[in-house]
Number of protein chains: 2
Amino acid sequence: MHGKLAHLSVPQLREACSQCNLRELCLPMGLSEHEMGQLDELVNLRRRILRGQHIYRSGDGFEAIFAIKTGFFKTDVLLEDGREQVTGFQMAGEILGLDGIGTERHTCNAVALEDSEVCVIPFSDLENYSREIGALQHHFHKVMSREIVRDHGVMMLLGIMRAEERLAAFLLNLSQRFTARGYSPTEFNLRMTRNEIGSYLGLKLETVSRAFSRFQDEGLITVHQKHIQILDVAGLKKLLTERRA
Amino acid sequence: MHGKLAHLSVPQLREACSQCNLRELCLPMGLSEHEMGQLDELVNLRRRILRGQHIYRSGDGFEAIFAIKTGFFKTDVLLEDGREQVTGFQMAGEILGLDGIGTERHTCNAVALEDSEVCVIPFSDLENYSREIGALQHHFHKVMSREIVRDHGVMMLLGIMRAEERLAAFLLNLSQRFTARGYSPTEFNLRMTRNEIGSYLGLKLETVSRAFSRFQDEGLITVHQKHIQILDVAGLKKLLTERRA
DNA sequence: GGTTTACGTTGACACAGATCAAAGCTGACC
DNA sequence: GGTCAGCTTTGATCTGTGTCAACGTAAACC
């Protein structure tokens, strides 16, 4: 379990967790310098995923989880009859594959929405290192727990919000995550289609499109295809708290 | 961390994990006899929760997770405007409180729907024992992962299914979980109201009630208040796979 | 550089489920 | 054992979103 550092080639070292600019968002969060060095041993494989390619598919055997280094993904579940439910959109620093631990098989598909790169974290190795590095163990538990809480948020979206509330919540969530990564809170390009947004939000693509148009008419945002500019953050937030019904 | 067994009183021993009839469903699943003994040290506190009482509320500090020994719970999130989203119903052998790990605070409410008893599992102790007992560590990861997968199932319910499909999926899920606990797969009492079912399924209570009545008219089930008898399991399943639209 | 293809917008209309309303049932409590 | 409160059922009507259809837009490809 130790001494692997010696075998790393220079390009791999350059990409080590301890050097990664996502280390305060991703798995290494909160680790000491020494512990981060141990993590470098654990995470020594990266994979490029081109736009449209899968990291894994529902039914695939589970062996590793994946940390997104660059790029953008969606996860979805497909029903036999062709219906699709997008279960999430993931960006740099977020972890993919947690669904596979319970059954040793993945239960959803993970697809790159743009050319991406992920760090491969073999799961049994992660469990081994977790036993030695308490901070890693605890942080991993936090990551899983936050995923559960995020899912509860999606349930609220789907269960009790109306179309415009759902879309406003979606935009504000993206904005907040882009901000955390040092990008503009108010201006970004959507990586997903209207259809994918709709699937995530439990709406049809026409409804998503109409809601975008309405937000634009009301001066809350501007939309040009996939380019979004938020003009009135407070206005979007008001949509969420103000209940007219 | 060792030697605590000596301090256990007789009634506590009687309730130890190693003696619990839920041990093959609950946290001890798959542990050796020796490991189960260690778990008995970890889980030595039980709490009675009367119908209507909370184990924890949204915002409460997080210290422990809870294994349900007997009884039935719901978890929900309340919006400021009074809207409620039920995020799950939990029964014996299932774990409550995983939502609190990520932020050190609970993010939902856990309410007993009947008089219940839970085993208190102090979370930092669980992490300590997990570092020593690999099987416990791994099983705990599986529990969290399955919760994520379950949440994806709820998203599918809410995102792409119509009212009758949602209710059929709900009944089949309850049936399957009752079966796993040795109860009848086809006859049971609902512990929750129509309103709570509706909140979970993203429907209004009237819609739930109408769907029950429709199922009864079609000979799929009988309903008398909270008592449900499933007459045609295959018929309910067909509702889920057969897509007319 | 013109054509193809995928994606997006907008309008007209339909419908599943929400809302509003009234009455029935059941168990708890005095 | 009668009353009360909470829950459930059912009917009538309304409405937000889905569905269907036509057209627009933009990037991709020969």
Side-chain angles (χ1 to χ4, degrees), chain A residues 50-52 74 81-86 111 113-115 157-168 170-171 189-218 221-228 239 243-245, chain B residues 50-52 74 81-86 111 113-115 157-168 170-171 189-218 221-228 239 243-245:
Chain A
L50 296 181
R51 185 188 143 111
K74 73 168 175 182
D81 59 20
R83 283 183 286 179
E84 174 194 31
Q85 174 72 35
V86 171
V111 189
L113 296 181
E114 60 183 33
D115 294 354
L157 276 185
L158 295 172
I160 60 186
M161 293 189 186
R162 37 184 59 236
E164 292 191 2
E165 293 177 284
R166 296 183 199 186
L167 191 64
F170 173 72
L171 289 174
N189 283 299
L190 299 173
R191 271 72 169 186
M192 67 295 280
T193 66
R194 301 288 187 268
N195 194 36
E196 288 165 335
I197 297 172
S199 170
Y200 180 63
L201 299 178
L203 302 169
K204 291 295 159 182
L205 67 92
E206 294 94 332
T207 305
V208 174
S209 180
R210 277 187 247 271
F212 271 132
S213 300
R214 182 93 80 95
F215 285 174
Q216 184 158 241
D217 294 347
E218 289 167 352
I221 63 173
T222 63
V223 198
H224 293 109
Q225 300 289 125
K226 295 209 153 53
H227 184 84
I228 302 284
L239 269 181
R243 187 73 191 141
R244 76 266 91 132
Chain B
L50 296 180
R51 184 187 143 111
K74 73 168 175 182
D81 58 21
R83 283 183 286 179
E84 174 194 30
Q85 174 72 36
V86 171
V111 189
L113 296 181
E114 60 184 31
D115 293 355
L157 276 184
L158 295 172
I160 60 186
M161 293 188 186
R162 36 183 57 237
E164 292 191 3
E165 294 177 283
R166 295 182 200 187
L167 191 64
F170 173 71
L171 289 175
N189 284 299
L190 299 172
R191 272 72 170 188
M192 68 295 280
T193 66
R194 301 288 187 267
N195 194 35
E196 287 164 335
I197 297 172
S199 169
Y200 180 62
L201 299 178
L203 302 170
K204 291 295 159 180
L205 67 93
E206 294 94 332
T207 305
V208 174
S209 179
R210 278 186 246 271
F212 272 133
S213 300
R214 181 93 80 96
F215 286 173
Q216 183 158 242
D217 294 346
E218 289 167 352
I221 63 173
T222 63
V223 198
H224 292 110
Q225 299 290 123
K226 295 209 152 53
H227 183 86
I228 301 285
L239 268 181
R243 187 74 191 140
R244 76 267 89 137

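We name chains A, B, ... by the order of the sequence lines, and we start the count at 1 in each one. Reckoned from all heavy atoms, side chains included, excluding hydrogens, waters and symmetry mates.
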Between A:Q225 and A:G202, name the one whose nearest nucleotide on DNA chain D is closer to the 5' end. A:G202
Whole Å only: how far is the [atom1] atom of [X] from the [atom2] atom of [N]?
{"X": "B:N189", "N": "C:dG27", "atom1": "CG", "atom2": "P", "answer": "11 Å"}
{"X": "A:E114", "N": "D:dA27", "atom1": "CD", "atom2": "C1'", "answer": "17 Å"}
{"X": "A:E164", "N": "D:dG18", "atom1": "CD", "atom2": "P", "answer": "13 Å"}
{"X": "B:H227", "N": "C:dG27", "atom1": "NE2", "atom2": "C1'", "answer": "18 Å"}
{"X": "A:L190", "N": "C:dC7", "atom1": "CG", "atom2": "P", "answer": "14 Å"}
{"X": "A:R194", "N": "D:dG24", "atom1": "CZ", "atom2": "P", "answer": "18 Å"}
{"X": "A:H224", "N": "D:dG24", "atom1": "NE2", "atom2": "C1'", "answer": "14 Å"}
{"X": "B:F212", "N": "D:dC7", "atom1": "CZ", "atom2": "C1'", "answer": "13 Å"}

Minimum side-chain heavy-atom gap B:E114-B:N189 below 4.5 Å: no
Do A:R210 side-chain and C:dG8 base share a donor-acceptor contact under 3.5 Å? no
Would you say [N] has OP1 or OP2 under 4.0 Å from some side-chain N or O of [X]?
{"X": "B:R162", "N": "C:dG17", "value": "no"}
{"X": "B:S213", "N": "D:dT10", "value": "yes"}
{"X": "B:K226", "N": "D:dC7", "value": "no"}
{"X": "B:T193", "N": "D:dC7", "value": "no"}

Scan [X] against the nucleic acid and name what it touches under 4.0 Å (heavy atoms): base, sugar-phosphate only, or nothing.
{"X": "A:L203", "answer": "sugar-phosphate"}
{"X": "A:S209", "answer": "base"}
{"X": "B:E206", "answer": "base"}
{"X": "B:G198", "answer": "nothing"}

Please check this pair: side chain of A:S199 against backbone of A:N195, looking for a donor-acceptor N/O pair closer than 3.5 Å. no
I'd like to know if the side chain of B:R166 reaches the main chain of B:L201, judged simply by a donor and an acceptor atom lying under 3.5 Å from each other, with no hydrogens or angles considered. yes
Once rounded to the nearest 0.5 Å, what's the spacing between atom CG of A:L158 and atom OH of A:Y200? 8.0 Å
Find the distance between CD1 (B:I228) and CG (B:L171) and round it off to the nearest 0.5 Å. 6.0 Å
Can you figure out which of C:dG17, C:dG8, D:dT17 approaches the side chain of A:A163 most closely? D:dT17
